[in-house]
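Letters A, B, ... are given to chains in the order of the sequence lines, protein chains preceding strands, and every chain is numbered from 1.
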2 protein chains.
Amino acid sequence: MEVSYDPLRATAALENGIFPAGCPSRTVLDHVTSKWGVLVLLALSEREHRWSELRRRADGISEKMLAQTLKTLEQDGLVHRQSQPVIPPRVDYSLTDSGQEVAALLVPLATWAFENAEKILGNRN
Amino acid sequence: MEVSYDPLRATAALENGIFPAGCPSRTVLDHVTSKWGVLVLLALSEREHRWSELRRRADGISEKMLAQTLKTLEQDGLVHRQSQPVIPPRVDYSLTDSGQEVAALLVPLATWAFENAEKILGNRN
DNA sequence: TAAGGTACTGACATGGAAGTTAGTTATGAC
DNA sequence: GTCATAACTAACTTCCATGTCAGTACCTTA
């Protein structure tokens, strides 16, 4: 998968007023940068996960929030849900092509946060 | 400015359990991916802005939220605040080096959101 | 026989994020 | 003399994201 990024179009997009309030890009941005959305996308960027694995990987998430987050991302076409009719139930979640695109952009961001966390929060004292 | 990104360290960071709950990276990530934080960083990635300019650029933001967001980003050492002792007051905000680093990662994300918003929210019907 | 894993859903509660309104400071414009 | 402006702060309120708890269906293991 290749993530294409044309700086000219980027500039055009951000040029005047950035995103007006209520514009769809805001909604999308909110979904993918949401507290739990980021973590789920990051986990899935590595490999497919099943429900219970995600629950452990996104440390601290409640079941309700995991369900909600996955539903949103699935509706957005970023996450693919595949349930197998077995007992006990087994559901696998993976990224769609679009999902892979965002995840690829999210990973460097998370890495940056991880590497700079100390320095940044250190300023605070 | 060059943003260095070493995929090996990235993998190490994300390898086990991603970010544990309550870990500082989560806080940092929350700051830079917050609803208004993203918009402010994007605006400043272009050029220095004064308060009232940011207020217009981050369409829909309240004064309270702008103040709060800027204060957080300033404490994090991502945004530099320079006030001039003139009447009426004039305060300019710009990115620090760290700020430029994150902003550089945020721009492609925002661009992606902008370009894919229609497609993504279109799924929804 | 009862306890536990799996993938959920729904009702209810709450805390923190966000909005609203008003006030401040000092000056220049009318 | 009073209105506007710029960049805020503080108090109060509202609302939504999130948490908590309970329940479901079916099977496996102890």
Side-chain angles (χ1 to χ4, degrees), chain A residues 19-23 26-41 43-44 47-76 79-94 124, chain B residues 18-23 26-41 43-44 47-76 79-94:
Chain A
F19 312 94
C23 121
R26 290 263 192 114
T27 308
V28 173
L29 211 47
D30 282 351
H31 290 179
V32 302
T33 63
S34 71
K35 181 177 179 182
W36 300 117
V38 179
L39 294 183
V40 167
L41 289 170
L44 294 181
R47 58 172 178 81
E48 179 173 285
H49 280 70
R50 47 189 304 197
W51 167 275
S52 48
E53 287 175 328
L54 282 175
R55 203 174 176 318
R56 282 186 289 271
R57 288 298 299 270
D59 191 26
I61 198 173
S62 67
E63 300 202 331
K64 180 191 158 187
M65 275 303 107
L66 180 54
Q68 203 177 102
T69 303
L70 285 170
K71 199 165 285 175
T72 301
L73 295 176
E74 197 195 346
Q75 284 180 344
D76 288 349
V79 162
H80 176 69
R81 184 194 119 105
Q82 175 153 17
S83 79
Q84 275 143 37
V86 296
I87 299 288
R90 177 189 181 99
V91 182
D92 291 308
Y93 292 92
S94 54
R124 199 162 294 276
Chain B
I18 312 188
F19 311 95
C23 121
R26 290 264 191 112
T27 309
V28 173
L29 212 46
D30 281 352
H31 290 180
V32 302
T33 63
S34 71
K35 181 176 179 183
W36 300 117
V38 179
L39 294 183
V40 167
L41 290 171
L44 293 182
R47 57 171 178 80
E48 180 174 285
H49 281 69
R50 48 190 303 198
W51 166 276
S52 47
E53 286 175 328
L54 282 175
R55 201 173 153 25
R56 282 186 290 270
R57 288 300 297 271
D59 190 25
I61 197 173
S62 68
E63 300 202 331
K64 179 190 159 187
M65 277 302 108
L66 179 54
Q68 202 177 104
T69 303
L70 284 170
K71 198 165 285 176
T72 301
L73 295 176
E74 197 195 346
Q75 284 179 344
D76 288 350
V79 161
H80 175 69
R81 184 193 120 104
Q82 175 151 15
S83 78
Q84 274 143 37
V86 297
I87 299 288
R90 176 189 181 101
V91 182
D92 291 308
Y93 292 93
S94 54

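- The backbone N or O of B:Ala21 lies less than 3.5 Å from a partner atom in the side chain of A:Asp59, making a donor-acceptor pair.
- Checked options A:Trp51, A:Trp36, A:Tyr93; the residue passing with A:Leu66 is A:Trp51 (criterion: side chain to side chain contact (heavy atoms under 4.5 Å, CB included)).
- Between the C1' atom of C:dG19 and the CG atom of B:Leu66 lies a distance of 14 Å, rounded to the nearest Å.
- Checking side-chain atoms of A:Arg57 against main-chain N and O of A:Val40 turns up no donor-acceptor pair under 3.5 Å.
- The CZ atom of A:Arg47 sits 4.5 Å away from the CD atom of A:Glu53 when rounded to the nearest 0.5 Å.
- Considering NZ of B:Lys35 and OG1 of A:Thr33, their distance stands at 11.0 Å, rounded to 0.5 Å.
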Quiz item: Going through the checks in order, is the side-chain contact (heavy atoms from CB on, under 4.5 Å) test met by A:Val32 and A:Leu41?
Solution: CA-CA 8 Å; A:Val32 302; A:Leu41 289 170; 4.2 Å; yes
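- Put simply, CD on B:Gln82 is 15 Å from C1' on D:dA7, counting in whole angstrom units.
- Rounded to 10 degrees, the angle separating the terminal axes of the helix from C:dT1-D:dA30 to C:dT24-D:dA7 is 30°, with each axis obtained from five end pairs.
- Between A:Arg90 and C:dT6 there is no side-chain N or O to OP1 or OP2 distance below 4.0 Å.
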What protein N or O atoms touch nucleotides 8-18 of chain D N or O atoms at under 3.5 angstrom, if any, and at what distances?
{"unit_1": "D:dC8", "atom_1": "OP1", "unit_2": "B:Arg81", "atom_2": "NH1", "d": "2.3"}
{"unit_1": "D:dC8", "atom_1": "OP2", "unit_2": "B:Tyr93", "atom_2": "OH", "d": "2.7"}
{"unit_1": "D:dC8", "atom_1": "N4", "unit_2": "B:Glu63", "atom_2": "OE1", "d": "2.5"}
{"unit_1": "D:dT9", "atom_1": "OP1", "unit_2": "B:Lys71", "atom_2": "NZ", "d": "3.1"}
{"unit_1": "D:dT18", "atom_1": "O4", "unit_2": "A:Lys64", "atom_2": "NZ", "d": "3.0"}

Review item, nucleotides 25-30 of chain C N/O atoms under 3.5 Å of protein N/O:
none

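- Heavy atoms only, all atoms of each residue included: B:Ile61 and B:Arg55 are closest at O-NH1, 3.2 Å.
- For A:Arg55 and C:dA7, the shortest distance from a side-chain N or O to OP1 or OP2 is not below 4.0 Å.
- Once rounded to the nearest 0.5 Å, the distance linking CG of B:Leu70 with CG of B:Leu44 reads 7.5 Å.
- Separating the CE atom in A:Met65 from the CD atom in A:Glu63 is a distance of 12.0 Å, to the nearest 0.5 Å.
- Of all the heavy atoms in B:Ser83 and B:Val91, the pair that sits closest is CB-CG2, 3.8 Å.
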